[in-house]
Number of protein chains: 2
Amino acid sequence: MAKRVSHKDSLCGIARPLDAIGDWWSLLIIRDAFDGLRRFGEFQKSLGLAKNILSARLRNLVAHGIMDTVPASDGTPYQEYVLTQKGQGLFPLLVALRQWGEDFFFEPDEPHVMLVDRATHMPVRRLELRAQDGRMLMAEDTVVVAPPLAAGERE
Amino acid sequence: MAKRVSHKDSLCGIARPLDAIGDWWSLLIIRDAFDGLRRFGEFQKSLGLAKNILSARLRNLVAHGIMDTVPASDGTPYQEYVLTQKGQGLFPLLVALRQWGEDFFFEPDEPHVMLVDRATHMPVRRLELRAQDGRMLMAEDTVVVAPPLAAGERE
DNA sequence: AGATCGTGGTTTCAAATTAAAACCATATTA
DNA sequence: TAATATGGTTTTAATTTGAAACCACGATCT
């Protein structure tokens with residue numbers, strides 16, 4: 001489970017989150033959780049994955065603080081799996097994935113599910129990256145910079 | 001390679017993109033590509049993954065139109081791997097992942113690499129989801145809706 | 001009470017995937 | 001000519017996955 005996803009000792013800002021999420025299944029579980037699914041059986045039915053795998057993924061998500069278990073709300077002696085704050089923080093990522101999918105995996109007129117504003121039922125806006133001053137940024141307009149190294153740290 | 005990631009016949013708006021990307025390694029390759037890496041050896045050195053795996057992942061990314069091979073720009077008889085438009089469309093996803101990582105994987109004062117505006121060297125803004133009218137939306141403020149079904153389609 | 005069913009798992013085991021290492025091909029360098 | 005660098009492929013063992021069987025527990029039916 002603690003598979004090393006990078007050879008560097010400390011995982012970078014992309015690899016560390018990836019490592020925590022676990023794998024594709026986990027992301028689909030999280031999506032289902034955003035859709036309101038909470039029970040083991042619900043996830044299994046929705047995703048059609050083996051129970052042992054689901055079990056392992058849920059355990060991993062809980063271990064990483066992305067989901068949490070709570071006693072079932074309907075009186076049954078089971079537990080439910082809900083997103084923590086950390087888990088809910090993944091919403092933009094799912095939106096980005098969905099929007100990318102809309103852009104490149106469907107014909108312009110092909111019907112597909114859409115994410116809409118609950119209040120107005122209008123599609124949500126595209127995610128866009130902006131500078132502090134509000135300018136839109138493309139990938140080429142950005143750089144990744146290392147933190148200033150503290151005294152005594154030399155590479 | 002064509003691993004079924006969902007039991008549904010047509011993969012949904014989240015699963016289909018995931019399926020195309022392939023796996024975590026692919027996402028790290030894509031990140032490196034955004035950082036300017038282009039050569040097989042560069043990716044391998046950066047990621048430290050086995051050559052056969054890198055080979056397979058690159059092949060998959062090319063097959064899915066996320067990367068493309070071009071003749072090496074330096075006269076050597078090799079090829080380089082570059083992001084297509086489709087591949088570049090993944091930038092927001094990487095930003096979302098990075099910002100989530102910043103939020104939950106580093107202490108508030110822990111130094112970490114940052115994505116900055118190349119022009120001003122200021123950190124970029126957070127990605128935020130907005131409605132058509134500009135209101136910020138949280139996950140709970142949205143719903144996924146199915147497309148209207150064409151005549152003759154009944155579930 | 002006893003049998004059966006639904007839910008939520010774990011265990012087992014075969015099959016698929018991954019990863020390390022060895023190998024290979026080509027071109028450049030010494 | 002030999003050695004080395006790049007960019008892979010092949011081989012093989014170890015790991016992971018996934019399907020199915022099994023198990024535990026409580027509720028329900030007879």
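Protein chains get the first letters and strands the later ones, always in sequence-line order, with residue 1 at the start of each. Please read these numbers as outputs of a predicted model, since none were measured by experiment.
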Are [X] and [Y] close enough for a salt bridge, meaning some N to O gap below 4.0 Å?
X	Y	answer
B:D74	B:R38	no
B:D117	A:R135	yes
A:D103	A:R126	yes

Practice problem: May I ask you to verify if any side-chain N or O of B:W25 is less than 4.0 angstrom from the OP1 or OP2 atom of C:dT18? | Solution: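 Looking at the OP1 and OP2 atoms of C:dT18, neither is under 4.0 Å from any side-chain N or O of B:W25.
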Answer yes if the side chains of [X] and [Y] hold a donor-acceptor pair under 3.5 Å, and no otherwise.
X	Y	result
B:S73	B:E80	yes
A:N52	A:S55	no
B:T84	B:D68	no

Protein-nucleotide distance ([X], atom [atom1]; [N], atom [atom2]), rounded to Å:
X	N	atom1	atom2	value
B:K45	D:dG8	NZ	C1'	18 Å
B:R38	D:dT6	CZ	P	17 Å
B:I53	D:dT10	CD1	P	14 Å
A:D23	C:dT18	CG	C1'	14 Å
B:Q44	D:dT9	CD	P	13 Å
B:L49	C:dT17	CG	C1'	14 Å

Self-check item: Charged tip of B:K45 within 45° of B:F40 ring normal and under 6.0 Å
Solution: no
Give every pair of a protein N or O atom and an N or O atom of nucleotides 5-10 of chain C that lie under 3.5 Å apart, one pair per line with the distance.
residue : atom : partner : partner atom : Å
C:dG6   : N2   : A:Y78   : OH           : 3.3
C:dT7   : O2   : A:Y78   : OH           : 3.2
C:dG8   : OP1  : A:R39   : NE           : 2.5
C:dG8   : OP1  : A:R39   : NH2          : 2.8
C:dG8   : OP2  : A:G41   : N            : 3.2
C:dG9   : OP1  : A:Q79   : NE2          : 3.3
C:dG9   : OP2  : A:Y81   : OH           : 2.9
C:dG9   : N7   : A:K51   : NZ           : 2.6
C:dG9   : O6   : A:K51   : NZ           : 2.5
C:dT10  : OP1  : A:R59   : NH1          : 3.2
C:dT10  : OP2  : A:S55   : OG           : 2.3
C:dT10  : OP2  : A:R59   : NH1          : 3.4

Self-check item: Qualifying residue, where the test is side chain to side chain contact (heavy atoms under 4.5 Å, CB included) with B:L90 and the options are B:I21, B:V95, B:L97, B:L83
Solution: B:I21
Quiz prompt | Rounded to 10 degrees, the angle between the two terminal axes of the helix from C:dA1-D:dT30 to C:dA30-D:dT1, each from five pairs | solution =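 Both end axes considered, the difference amounts to 10°.
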